[in-house]
2 protein chains.
Amino acid sequence: MSQQLRRSMPLLPISIVMQLTELTARQIRYYEDHDLIHPARTEGNRRMFSLIDVDTLLEIKDFLEQGINMAGIKKLFEMKNQPIVQEPKAQLTDAELRSILRIEMQQAGRFQKASLRQGDLSRFYH
Amino acid sequence: MSQQLRRSMPLLPISIVMQLTELTARQIRYYEDHDLIHPARTEGNRRMFSLIDVDTLLEIKDFLEQGINMAGIKKLFEMKNQPIVQEPKAQLTDAELRSILRIEMQQAGRFQKASLRQGDLSRFYH
DNA sequence: TTTTCATGTTAGATAATATGACATACACTT
DNA sequence: AAGTGTATGTCATATTATCTAACATGAAAA
């Protein structure tokens, strides 16, 4: 079984991550610019992604499809990593909360969630 | 948990495989030339390896360190994939068997198997 | 000694990726 | 209606990573 292959190990080049997530390189880099992911870099400055990064990207994609913007997603991630605190409502400011809720409301009547997570990678190789 | 991430999925570039296996690109390509592995190729002809390929490479490395040559390793792999047959001794010709056994014998008094499989990848990123 | 085997090394070509700039569609705001 | 902001597309240019092919080499086998 070779190594331990931790999910945090940077193993994947951006091309593979594009296939796994069905995101463009532009999108992936944009999310990095906004500090939503922090892929490792090779000595030659190439991004190298871990499986955790891939999961995060899929979450981002999902949130975006729900109409949440970069700022909202970032805050959501911060919250997720914040363990339960004695003042749970202190996590979001009122303004932040209203902002997110408003977007959620306005985007409520949405469907076609047929986003299929099964992208067939085989077609990329011969 | 994102995708299924089958162990047979071609996800890794050769640079990563080099790190995971501590083999040189030259060695990896050489083993491919000898049909011990069959990595996928991108449209641009770059090799792309699966986790199974990595496992196979680690096996090859191990066999080589035991003094077994390409032909022997190839035959061993063929055997492993050959399900149990009614004539188990029909798998190897006498000559092949003697050849392998001889090598095993002559290489018998060997030690320093301290090959640590835990290669610290962190040093490759910043 | 001469081969064979596994690997090193180098050269030249090309693919993959990086960054940065400009363009654009859409939703919101004023 | 006009203006803004956000997420993404597209293009140009630079650099890294990988490819193939050829020649070199040390150790072991014949």
Quick one: is [X] getting a side-chain N or O under 4.0 Å of the [N] phosphate, OP1 or OP2?
| X | N | answer |
| --- | --- | --- |
| A:R47 | C:dT19 | yes |
| B:T24 | C:dG8 | yes |
| B:R26 | C:dT9 | no |
| A:Y30 | D:dA7 | yes |

Closest-nucleotide 5' rank along DNA chain C - winner of A:P13 and B:L23: B:L23
May I have the distance from [X] (atom [atom1]) to [N] (atom [atom2]), rounded to whole angstrom?
| X | N | atom1 | atom2 | answer |
| --- | --- | --- | --- | --- |
| A:R29 | C:dG20 | CZ | P | 11 Å |
| A:I14 | C:dA18 | CD1 | P | 5 Å |
| A:K74 | D:dA7 | NZ | P | 12 Å |
| B:I28 | C:dG8 | CD1 | P | 11 Å |
| B:I16 | C:dA16 | CD1 | C1' | 15 Å |
| B:I68 | C:dA6 | CD1 | P | 12 Å |
| A:D33 | C:dA21 | CG | C1' | 13 Å |
| A:E22 | D:dG9 | CD | P | 13 Å |

CA sep, side-chain torsions, deciding dist, call: B:Q19, A:M9, side chain to side chain contact (heavy atoms under 4.5 Å, CB included): CA-CA 12 Å; B:Q19 299 171 187; A:M9 272 187 167; over 6 Å; no
B:T56 side chain to B:D53 side chain, donor-acceptor N/O pair below 3.5 angstrom: no
Gap between atom CE of A:M48 and atom CD1 of A:I16 - 0.5 Å precision: 10.5 Å
Side-chain donor/acceptor of A:K61 to backbone N/O of A:L23, under 3.5 Å: no
Among B:H38, B:R47, B:Q27, the one residue meeting side-chain contact (heavy atoms from CB on, under 4.5 Å) with B:E32: B:R47
Among C:dT19, C:dA15, D:dG9, the nucleotide that comes nearest once only the side chain of B:T42 is considered: C:dA15
Per B:M70 side chain, nearest of listed nucleotides D:dA7, D:dA17, C:dA6: C:dA6
Closest-nucleotide ordering on DNA chain D, the 5'-leading residue of A:R46 and A:A71: A:A71
